[in-house]
Amino acid sequence: MSEQLSDATTSRETGTQLVKRGLADMLKGGVIMDVVDPEQARIAEDAGAIAVMALERVPSDIRRDGGVARMSDPEMIEGIKAVTTIPVMAKARIGHFAEAQILQSLGVDYIDESEVLTPADEAHHIDKWAFTTPFVCGATNLGEALRRISEGACMIRSKGEAGTGNVVEAVRHLRSILGDIRRIGTADSAELFDWAKRLQAPLPLVQEIARTGTLPVPMFCAGGIATPADAALVMQLGAQAVFVGSGIFKSEDPSRMARAIVEATANYTDADILAKVSRGLGDAMPGLEIGSLDTKLAERGW
Amino acid sequence: MPPAIGILALQGAVDLHAIALSRLGLEAVLVRTPAQLDTVDALILPGGESSAMSKLLVINGLLEPLRARLHVGMPALGTCAGMILLATGVLDGRPDQQSFSAIDIDVRRNAFGRQNDSFETDLELAAIGEAPIHAVFIRAPVVERTGPEVEVLATIDDGRPVACRQGGVIVTSFHPELADDLRVHQLFLAGVAA
């Protein structure tokens, strides 16, 4: 869907992989915050968020309310776009390419094909190559990440378990993805065929990881981050930026928590700064034990 | 001793600039604190979100020390958000947004629109040689005013400047660190050595 502007001397090419991945590169080291209205978007931007995710209910409310969770109302997304100068992302249901078409038409900066919403297709994810707007997708393991990349995703986030305030699943997913990347780095060329088979992932992507030692797109973390220490933990494990969903606006003092998580993400190896920003934040969001959950959102997607 | 090149590492595409420098045989110093700033001879301000970086400059106590270094002529390369931070005037910025007036230009944030309007193109940039540079613009700023001391290095198809130089300070609207072309970094390093 790239567009060529006619010009005598030069042309502008939009929607290329370089342009789509490039925005993900620019978000590294930052915090992307879930917001449900323009007021929250303002608080997020004031706190130093690098982008906001516009959605109707944060994951912990989706979890509480049940029912079918869908793309947000365009009016609400427009309202958030109008008050922010930073990138605005929005979620489409897994496989719901019509919702994604609407989000592209609204001019959001990134589309999250998200397991937090109720999946629309039980076998197929969206063909993300067909869009000018870049996509981020969740993954619980390296095979899932590479399948999403082969479908055109330009950013991967570990899924974690959204809406729980419990970081354990995000850690599990990050360790699984980054651990397998390290193991592939030591595999010989014959073993890469077996890796591709076991991961159910395209061989060329597995070979690229063996060569470069990294995922072909930026790798962020989401799902269960509730404190500055959580953000520092996942950044030290190898995440390149963090998504915070319910963790900010379900805490006692959202503005303060937002600033503290931004500061912790930027200074994730400096324990003195982490100690300073963790002080007196009030209550973090209430957390949930993973074992007590009726629905595990991370199991959505294939 | 080669000069110590720092990269402002508060947020953004820090790693891509570090890779570019390492391909040129230099190990970058990541700068997050005033003490780290003291150890570098020149600084790259990377792409990212200028509003977030601006806040983190204040939080990390870097704003005044960095302003002082730039004021006495420390060479600097600013790409995209880095260009906004080095500029004198910022249009469509946030009211609390900081900039260093290290180069006498005014820039407009997100001048080409949102991500769907982000693009790549080839640009003439005579200072780095005859072959055009492949330039990637991501929600990019543009230069709306240049002072008398400022040299325009490249313009976009509509004639507005997208790369400028004043003394040892070079700024680009686009991201040389995203394309496989080290010539802007080499131009910057030549200015550091001079």
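Below, chain A is the first sequence line, B the second, and so on; all start at residue 1.
The aromatic rings of B/F112 and B/F119 lie perpendicular to each other, with more than 60° between the two planes, well past the 30° mark.
Each of B/A9, B/G48, B/S50 has some count of heavy-atom pairs under 4.5 Å with chain A, and the biggest count is that of B/G48. Heavy-atom pairs under 4.5 Å with chain B were tallied for A/L27, A/T133, A/I86; the largest tally goes to A/I86. Note: A/P87 leads A/A49, A/P134, A/G29, A/P87 in heavy-atom pairs under 4.5 Å with chain B. Annotation: maximal heavy-atom pairing with chain B below 4.5 Å, among A/D46, A/V277, A/V31, occurs at A/D46. Taking chain A as the reference chain and counting heavy-atom pairs below 4.5 Å, the highest number among B/P46, B/G93, B/A13, B/A81 is found for B/A13. Counting heavy-atom pairs under 4.5 Å between each of A/K81, A/K28, A/E263, A/Q240 and chain B puts A/K28 at the top. Between chain A and the residues B/R32, B/K55, B/R114, B/E49, the largest count of heavy-atom pairs under 4.5 Å involves B/R114. Contact count versus chain B (heavy atoms, under 4.5 Å) is highest, among A/G107, A/A51, A/G30, for A/G107. Per-residue counts of heavy-atom pairs under 4.5 Å with chain B were compared for A/A24, A/G48, A/P218, A/A241; the largest is that of A/G48.
Only the side chain of B/R139 comes within contact range of chain A, with at least one heavy atom under 4.5 Å from a heavy atom of that chain. Proximity to chain A involves both the backbone and the side chain of B/L178, based on heavy atoms less than 4.5 angstrom apart. Only the side chain of B/S51 comes within contact range of chain A, judged by heavy atoms closer than 4.5 Å. With a 4.5 angstrom heavy-atom cutoff, B/E124 does not touch chain A via any of its atoms. Contact of A/E45 with chain B is made through backbone and side chain together, with heavy-atom distances under 4.5 Å. Neither the backbone nor the side chain of B/D96 comes within less than 4.5 Å of any heavy atom in chain A. Looking at A/A47, the atoms closer than 4.5 Å to chain B (heavy atoms on both sides) all sit in the backbone: N, CA, C or O.
Using a 4.0 Å cut-off between a side-chain N of Lys or Arg and a carboxylate O of Asp or Glu, B/D117 and A/R12 do not qualify as a salt bridge. A salt bridge does not link A/D109 with A/K20: none of the charged nitrogens is closer than 4.0 Å to a carboxylate oxygen. Checked for salt-bridge contact, A/K91 and A/E99 miss the test: no charged N lies under 4.0 Å from a carboxylate O.
Taking 4.5 Å as the limit, every side-chain heavy atom of B/C80 sits out of range of all side-chain heavy atoms of A/M26. A/M235 places a side-chain heavy atom less than 4.5 Å from the side chain of A/T265.
Taking every heavy atom of both residues into account, A/L106 and A/E78 meet most closely at CD2-OE2, 3.2 Å.
For the 3.5 Å distance criterion, the side chains of B/E120 and A/T16 qualify, holding a donor opposite an acceptor.
In this structure, B/E130 places its CD atom where only 12 or fewer heavy-atom neighbours from other residues, nucleotides or ligands lie under 6.0 Å away.
The only option from B/I138, B/I156, B/L123 that meets the side-chain contact (heavy atoms from CB on, under 4.5 Å) definition with B/F174 turns out to be B/L123.
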